[in-house]
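Just so we're clear, the structure is a prediction, and the values are computed from it rather than from any experiment.
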Amino acid sequence: VMASKNQDPRIKSIKIKTGVVKRLLKDKSMYEKEVIEQEAKIESMKQSGADEYNIKKQMEVLLESRNMIPDITRKLRISSDELSSILETEKELSEKEEYKIASELVKNITI
């Protein structure tokens, strides 16, 4: 009897959740960076006496980016908690590479 090539569904679940958490971390980081860059751009525009309308438009862009952060943070917290509880439940998989990657990821998340 040949060993099945099918992956343990629990490992698949860990991989999927890990991917979600990584994506959300990346998005959160991107928006936070965007906010900082946008604030600097607006400050620079004000210093150089740029048109009020253009400054106002850039403020709208800044607000959009700022408004994305709480939602992404909430999703990240939920996904991270879900991944943590999967890891907690599936401790017998702790020697698997996917488990180790997920565990390391969860450990290093600061929200």
Side-chain angles (χ1 to χ4, degrees):
V1 183
M2 284 183 58
S4 171
K5 276 284 187 199
N6 286 342
Q7 193 177 52
D8 185 325
R10 298 169 303 164
I11 291 288
K12 190 174 183 191
S13 177
I14 289 171
K15 278 176 82 169
I16 290 168
K17 271 293 167 206
T18 299
V20 169
V21 170
K22 281 182 178 177
R23 175 82 241 160
L24 289 166
L25 279 170
K26 193 174 169 189
D27 287 353
K28 184 173 182 276
S29 168
M30 183 195 70
Y31 282 111
E32 288 169 342
K33 187 174 173 238
E34 220 170 78
V35 164
I36 292 166
E37 289 171 357
Q38 197 60 23
E39 285 171 341
K41 182 177 182 179
I42 291 167
E43 195 47 47
S44 167
M45 288 174 78
K46 286 179 179 174
Q47 296 295 321
S48 66
D51 182 63
E52 272 305 311
Y53 175 80
N54 290 336
I55 292 173
K56 190 170 178 261
K57 282 288 163 208
Q58 293 305 316
M59 291 291 281
E60 288 170 15
V61 172
L62 173 61
L63 200 58
E64 271 177 39
S65 293
R66 258 200 203 128
N67 289 340
M68 292 302 290
I69 296 170
D71 188 47
I72 288 174
T73 302
R74 183 183 58 78
K75 287 177 182 170
L76 177 59
R77 186 173 289 120
I78 292 166
S79 294
S80 171
D81 289 348
E82 287 171 357
L83 183 54
S84 289
S85 70
I86 292 171
L87 296 175
E88 196 60 41
T89 309
E90 308 299 349
K91 281 195 168 140
E92 72 268 19
L93 298 173
S94 65
E95 290 310 305
K96 299 279 186 194
E97 190 60 27
E98 293 86 351
Y99 186 102
K100 290 176 182 173
I101 290 168
S103 185
E104 202 52 38
L105 181 67
V106 167
K107 209 167 52 186
N108 292 312
I109 291 177
T110 50
I111 303 174

**Study point:** Hydrophobic cluster membership, Tyr31 vs Met59, 4.5 Å side-chain cutoff
**Key:** yes
Practice item. Is it possible for you to say whether Val20 and Ile111 belong to one hydrophobic cluster, with membership spreading through side-chain heavy-atom contacts below 4.5 Å? Key: yes
Exercise for review: Determine the minimum heavy-atom distance between Leu24 and Ser79, stating which atoms define it.
Suggested key: CD1-OG, 3.6 Å
Practice item. Apply the test salt bridge (Lys or Arg N to Asp or Glu O under 4.0 Å) to residues Glu104 and Lys107: give CA-CA distance (whole Å), side-chain angles for both, the deciding distance (0.1 Å), then the verdict. Key: CA-CA 5 Å; Glu104 202 52 38; Lys107 209 167 52 186; 3.2 Å; yes
Check your understanding: Does Glu95 CD have over 12 foreign heavy atoms under 6.0 Å away?
Key -> no
**Study point:** Pairs flagged by salt bridge (charged side-chain N to carboxylate O under 4.0 Å, His left out) wherever residues 38-52 is involved - sequence neighbours left out
**Key:** Glu39-Arg66
Check your understanding: Which pair of non-hydrogen atoms, one from Ile55 and one from Ala50, has the smallest distance, and what is that distance?
Key -> CD1-O, 3.6 Å
Check your understanding: Could you give the distance from NZ (Lys28) to CG (Leu76), rounded to the nearest 0.5 Å?
Key -> 6.5 Å
Check your understanding: Can you tell me if Gln38 uses its side chain to pair, donor with acceptor, with the backbone of Gln58 under 3.5 Å?
Key -> yes
Exercise for review: Please report the shortest heavy-atom distance between Glu92 and Thr89, naming the atom on each side.
Suggested key: OE1-O, 3.9 Å
Check your understanding: If Ile, Leu, Val, Met, Phe, Trp and Tyr residues are connected whenever their side-chain heavy atoms lie under 4.5 Å apart, and connections chain through other members, are Met30 and Leu62 in the same group?
Key -> yes
Check your understanding: For the atom pair CD (Glu32) and OG (Ser29), what is the distance rounded to the nearest 0.5 Å?
Key -> 6.5 Å
Review point. Which heavy atom of Ile14 sits nearest a heavy atom of Leu83, and at what distance?
Key: O-CD1, 4.0 Å
Point to revise | Trace of the side chain to side chain contact (heavy atoms under 4.5 Å, CB included) decision for Thr18 with Glu98 | key: CA-CA 9 Å; Thr18 299; Glu98 293 86 351; over 6 Å; no
Point to revise | Gap separating the NZ atom of Lys96 from the OG atom of Ser103, nearest 0.5 angstrom | key: 15.5 Å
Practice item. Apply salt bridge (Lys or Arg N to Asp or Glu O under 4.0 Å) to the pair Arg77 and Asp81, showing each step before the final yes or no. Key: CA-CA 6 Å; Arg77 186 173 289 120; Asp81 289 348; 5.9 Å; no
Point to revise | Nearest atoms (heavy-atom pairs only) where Ser84 meets Val106 | key: OG-CG1, 2.9 Å
Review point. Which atoms form the tightest heavy-atom contact between Glu90 and Tyr99, and what is the distance?
Key: O-CE1, 3.3 Å
Practice item. Find the distance between CZ (Arg23) and NZ (Lys75) and round it off to the nearest 0.5 Å. Key: 11.5 Å
Revision key, fill the gap. Interatomic distance, CD1@Ile69 vs CG@Asp71, rounded to 0.5 Å, equals 11.0 Å
